[in-house]
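See below for the structure under consideration.
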Amino acid sequence: MVLHVCGCPPRQKLQVLELFAGIGGWRLALDSAACGASISAYDSGPHCSEVYAQNFGESCCRRNIEQLGLKELDGFDLWLMSPPCQPFSTTREAKQRDLQDKRCAALEHLTKMLPKLERPPRWIALENVKGFHGSDACGKWRAALRSAGFRDREIILDLISFGTPNHRTRYYLLAERETKNLQSLPPPCVRPNKEHLPPGVLISGPWAANRRHSLDEAHASARARPHQKENIFRTERRNFLQHLQVACRLPQSCTEDNLTLAGTSKWKLLPLPRARSDALLLCFEEPQVLDTNGDLQQLLQLGQTVEGTTWTVQSNMSPCRPVGDFLEQLQEEEIAELSLSAEMLSRPYAPGLSYVGRKDVRSFCFTGHYGKVMHKSSGSLLYLADEPVDRSALPKSVGLVRFFSPKEILNFLGFPESYKLPRDMELKHRYKVVGNSIAVSVASELLRLLLRGEGAERIKALEEMPHRSSHHGATDPNAG
């Protein structure tokens, strides 16, 4: 498909340079944004090149980017790039060496070459982990953009804000040289860092502050004693009900076996928003509870009788689809390969992992270390039973816990159903290439903004504020 893009002659394809191409996420985003293009792609990774060739019918050049000269870089309309994130990642394995990391050599080379080009690109789009913001590499790249006559705009977005049940917070830098499309996106205003909240009931006020303090202590205890996590949170739920009944002057009715609230026993308390110590979030496993007017309305009316306390139904701008919508039908041998053994579920780290079910609307970011590094910051696990997972007896869940497949991770990232991964490629390599890819669904909306000036209001509503300080020393469970 060929489209007239702001300032380009009709029916003329964009000449696009795809650097650090990976498995072609930016290319798919460009296609999704309905922009016809002739693409030259570079990536030195052997496994990425294999996947790229299988899906696009042409190879990704494996020449090192730091070897590209002015002739190879000159004369393109658009540069798309996702430099290696490891120098800026805040995952457990990362060292955050910034420009001291040899994997920054290619980006440093481009930083030197860009101002020297006779025909620099009209647009540039860069994606990286959130830790890239404020780094020395970021500062040098932005300086090179200014030297080459570009105006740029930093944007931080989380995939979950786009209706996908997966956290993947990423830094995007859009730059233009001739057009003024980015002017439609106002600069980020000075405000607290916006936090995405799952659907639920936000309870705030003096009474909620006391319950939040108790909930924070429960979470601290659960982190220290992960094998007792379920009992700790069950006790906290019972205490919450008892305090609510006292505050509302109701007879005590909750027992160990009766923790019903709003007509359901499938509810939990979350210490959210993080920035507020006087609030907590009441969430229900069954989303339809928030849509009914019966038991929930009675609970809201009851809650308003607690002096100085506000109960507000929290809805999302883009309601998240459940995890089950992104699953694929697997063969028995595939399920066996992805399932966690009793030995793995017996390990000390097992209770601290993230387990999500088909109905859940939140999951941890999937990284290139998924399936290798057993930690929730590498990505969530799929729990197939309907009842809550019993973290104190995880070995009994053998056959009910598995890794998400590489294709399912691509589904979260917005890759088309037709996109394929080589079946003969080792599983660890498939996880590596998909975990390092970009969110196509997010990138496509950013390209519509950059190339056509469309969608600024939506991006403005969903973007997050960057931290004021440098990334050094920061902790971001979604990086990777």
Side-chain angles (χ1 to χ4, degrees), residues 1-45 48-49 51-65 67-83 106-107 109-111 113-114 117-128 141 144-145 148-153 172-179 181-182 414-416 419 437-455:
M1 180 183 295
V2 181
L3 186 74
H4 175 36
V5 181
C6 293
C8 291
R11 294 184 298 278
Q12 178 176 314
K13 285 188 176 183
L14 288 174
Q15 299 300 309
V16 178
L17 181 61
E18 190 180 17
L19 300 164
F20 316 98
I23 59 175
W26 272 119
R27 180 171 183 157
L28 290 169
L30 190 65
D31 183 62
S32 179
C35 299
S38 174
I39 296 178
S40 300
Y42 290 86
D43 195 289
S44 59
C48 289
S49 297
V51 178
Y52 195 100
Q54 175 175 314
N55 285 277
F56 299 111
E58 56 189 32
S59 298
C60 178
C61 182
R62 291 186 56 193
R63 186 176 175 185
N64 287 335
I65 291 174
Q67 297 175 349
L68 298 180
L70 293 174
K71 182 178 179 180
E72 291 92 346
L73 296 171
D74 213 5
F76 290 92
D77 297 304
L78 169 66
W79 283 13
L80 301 171
M81 49 199 296
S82 295
L107 181 60
H109 173 70
L110 295 173
T111 297
M113 300 296 282
L114 180 62
L117 297 177
E118 291 185 7
R119 295 173 296 157
R122 302 171 65 188
W123 304 281
I124 298 178
L126 176 147
E127 180 265 2
N128 213 292
W141 177 245
L145 288 173
F150 285 87
R151 296 173 298 276
D152 67 25
R153 175 66 154 81
Y172 301 90
L173 184 65
L174 305 182
E176 60 185 350
R177 189 170 54 86
E178 298 175 357
T179 56
N181 296 329
L182 295 179
F415 279 66
Y419 198 93
S437 188
I438 71 169
V440 173
S441 49
V442 178
S444 63
E445 296 206 28
L446 291 173
L447 287 180
R448 290 188 185 96
L449 171 65
L450 177 63
L451 302 178
R452 293 151 55 181
E454 297 177 359

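Basis for what follows: all heavy atoms, side chains included, without hydrogens, waters or symmetry-related copies.
Between atom CD1 of residue I124 and atom CG of residue L19 there is a gap of 9.0 Å, rounded to the nearest 0.5 Å. Rounding to the nearest 0.5 angstrom, the gap separating the CG atom in L68 from the CE atom in M113 is 8.0 Å. F76 contributes atom CZ, which lies 10.5 Å from atom CD1 of I39 (distance to the nearest 0.5 angstrom). Expressed to the nearest 0.5 Å, how far CG of N181 lies from CZ of R122 amounts to 9.5 Å. Y52 contributes atom OH, which lies 4.0 Å from atom CD of E18 (distance to the nearest 0.5 angstrom).
The shortest distance between side-chain heavy atoms of L17 and E72 does not fall below 4.5 Å. Counting heavy atoms from C-beta outward, N128 and P83 have side chains that approach closer than 4.5 Å.
Residues satisfying the side-chain contact (heavy atoms from CB on, under 4.5 Å) criterion with V440, sequence neighbours excluded, are L28, A29, F415. Not a single salt bridge (charged side-chain N to carboxylate O under 4.0 Å, His left out) links R62 to another residue, sequence neighbours left out. Taking the side-chain contact (heavy atoms from CB on, under 4.5 Å) definition, one finds that Q54 meets it with K420, P422, sequence neighbours left out. Residues passing the side-chain contact (heavy atoms from CB on, under 4.5 Å) test with C48, sequence neighbours excluded: I23, D43, V433. For F20, there are no ring-ring contact (aromatic ring centres under 6.0 Å, His included) partners two or more places apart in sequence or in a different chain. L117 meets the side-chain contact (heavy atoms from CB on, under 4.5 Å) test with L70, L73, D74, W79, L114, P120, P121; sequence neighbours excluded.
Side chain of R27 to backbone of A21: no donor-acceptor contact under 3.5 angstrom is found. The backbone N or O of G455 lies less than 3.5 Å from no partner atom in the side chain of E445, so there is not a single donor-acceptor pair. A side-chain donor-acceptor contact under 3.5 Å links D77 to the backbone of Q15. A distance-only check finds a donor-acceptor pair linking the side chain of R448 to the backbone of S32 [under 3.5 Å]. With hydrogens and angles ignored, the 3.5 Å screen pairs a side-chain donor or acceptor of R151 with a backbone N or O of T179. The closest donor-acceptor contact from the side chain of E176 to the backbone of L182 lies under 3.5 Å.
Closest approach of W26 to E127, counting heavy atoms only: CZ2-CB, 3.8 Å. Of all non-hydrogen atoms in R63 and Y42, the two that sit nearest each other are O-CD2, 4.2 Å.
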Test side chain to side chain contact (heavy atoms under 4.5 Å, CB included) on L110 and M81 and set out the steps.
CA-CA 11 Å; L110 295 173; M81 49 199 296; 3.7 Å; yes
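L451 pairs with exactly one of L30, L446, L174 by the side chain to side chain contact (heavy atoms under 4.5 Å, CB included) rule, that one being L30.
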